[in-house]
Asks: 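Supplied in structure tokens, the structure appears directly below.
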Protein chains: 2
Amino acid sequence: MSENLRERTRRAVQREIGDAALTLFAERGYDATTIDDIAAAVGMSQRSVFRYFATKEEIVVGKLELAVDDMLDVLRRRPPGEPVWTSLRRVFDVVDHYGDQQELSALIHRMVFDTPALSAAYLHRLQLMQEAVVAVLVERAAKAGNPYPADDPTPRALTASAFGCLVAAQHSWLASSTQGTFANALDRAMATLIPRA
Amino acid sequence: MSENLRERTRRAVQREIGDAALTLFAERGYDATTIDDIAAAVGMSQRSVFRYFATKEEIVVGKLELAVDDMLDVLRRRPPGEPVWTSLRRVFDVVDHYGDQQELSALIHRMVFDTPALSAAYLHRLQLMQEAVVAVLVERAAKAGNPYPADDPTPRALTASAFGCLVAAQHSWLASSTQGTFANALDRAMATLIPRA
DNA sequence: GACAAGCTTGACAGTGACTGACAGGTTCGG
DNA sequence: CCGAACCTGTCAGTCACTGTCAAGCTTGTC
């Protein structure tokens, strides 16, 4: 139980820092808020904040909780024969679990998209996820009996396009003042392309 | 003529810094090279280096010379009725003008892709380009007489997917030890998807 | 209940990217 | 040839981030 407790308190502290930081960011802006400000807000030293978050950007980007593990789990559970494009769309359902806290999610996304440093960090994170997704796709095709040829760009291209659509949908959704569901925006974005059979 | 000269010397100095920096980066690695090192190599003060490059990342990413202006020019010159996907493929011909210096280009890309800070900066830059491209596409559709509906995600989604394919192609090309032309890699990547009519 | 091991924390010092301000020197246009 | 515009080095400062160390608290063990 002890280990579990340590982990729980760790998460609790992390959450507390994250929440306090987000409040400050929303008030003064991301760039205008220093780590010292955040540390002061939660009554810790600057050093300790960095023990919970590797970088300042991660405090925000981590909030998006694009849990890589969840996405990969979903992908692995999809029927091996399913079209890749469909599987990818299902993977993004994980992202869509913002459902209950649309407003917060929109706030964060807006902040990410108009803070260059955050935007860069977010895109980089998506890129890392893509690599993991591609690996699973390759593995799954092999298991299904029709592996991709050695240097076939197909899995990479499809994945990159799907993630591109994800970002496009996020932009569209924000631009339309978050009217309609995000899931709908994503469906529309991904419907503009058809993978070649 | 004077203005022209100023600009030319400016570009010359910028190029000199960039070349010296790239040499150092290649020797010691990006992170292990400080701006002071670069400044010393070209016999300038650190401050002056920052007068030619806004950030350390830009020294490298700027080398990729993904000249936004060139891309937009190409796009604007395409026949208005041409399928968007085709136009985007043509836009990327600008990127392919690495032709004569494949080796250098590959070196830089490799460095970008395995240095997190550079990767993030590069992806962010691509994102900015996309916004400009989307604007041109919207404008062009309007001029051609069939404008996109107000919140149609199509142009954004297609552009994002095309850029996704671009990055995927770059990865594939590097992974295959730069066998074959980059143009070919891009063609293959973009052929995996068909825009819905 | 004492004790050793392990985790967490604050304090301090240091690096490196980046910025603002100022002063001296060079170039340019008239 | 003179003032304006430009470029440069120097200095000082901010801020993200890292290593180190000693002190305190937690936990598992006897």
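Model, not experiment: these values are computed from the prediction. Residue numbers start from 1 in every chain, and the chains themselves are labelled A, B, ... in the order their sequence lines are given, proteins ahead of strands.
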Asks: Go through the steps for L88(B) and V133(B) under the test side-chain contact (heavy atoms from CB on, under 4.5 Å), then give the verdict.
Replies: CA-CA 9 Å; L88(B) 288 171; V133(B) 166; 3.8 Å; yes
Asks: Taking the nucleotide of DNA chain D with the closest heavy atom to each, which residue, Q46(A) or R51(A), is nearer the 5' end?
Replies: Q46(A)
Asks: Mark yes or no: K56(B) above the aromatic ring of Y30(B), with NZ or CZ under 6.0 Å from the six-membered ring centre and no more than 45 degrees from the axis.
Replies: yes
Asks: Quick one about T154(B) and D152(B) (side-chain donor to acceptor, distance below 3.5 Å, no hydrogens or angles considered), yes or no?
Replies: yes
Asks: In whole Å, what is the span from the CD1 atom of I35(A) to the P atom of dA16(D)?
Replies: 5 Å
Asks: Considering every strand and a 4.0 Å limit on heavy-atom distances, what is the contact class for T33(B): base, sugar-phosphate, or nothing?
Replies: sugar-phosphate
Asks: Taking only side-chain nitrogens and oxygens of Y52(B), does any of them come within less than 4.0 Å of OP1 or OP2 of dC18(C)?
Replies: no
Asks: Between P on dC17(D) and CZ on F53(A), what's the gap in Å once rounded to a whole number?
Replies: 12 Å
Asks: Could you tell me how far apart F50(B) (CZ) and dC7(D) (C1') are, to the nearest whole angstrom?
Replies: 17 Å
Asks: OP1, OP2 of dG9(D) versus side-chain N and O of S48(B): anything below 4.0 Å?
Replies: yes
Asks: Does a donor on one side chain sit under 3.5 Å from an acceptor on the other, for S87(A) and E82(A)?
Replies: yes
Asks: Consider the side chain of S45(A), meaning its heavy atoms from C-beta on, and name the nucleotide among dT8(D), dA16(D), dG10(C) that approaches it most closely.
Replies: dG10(C)
Asks: Roughly, in whole Å, what's the span from CZ in R47(B) to P in dA21(C)?
Replies: 10 Å
Asks: In whole angstrom, what separates Y30(B)'s OH from dG16(C)'s P?
Replies: 14 Å
Asks: How many Å lie between CG on D31(B) and C1' on dA16(D), as a whole number?
Replies: 14 Å
Asks: Starting at atom NZ of K56(A), determine the distance to atom P of dT18(D), rounded to an integer number of angstrom.
Replies: 15 Å
Asks: If I take atom CD in residue Q14(A) and atom P in nucleotide dT8(C), what distance separates them, rounded to the nearest angstrom?
Replies: 12 Å
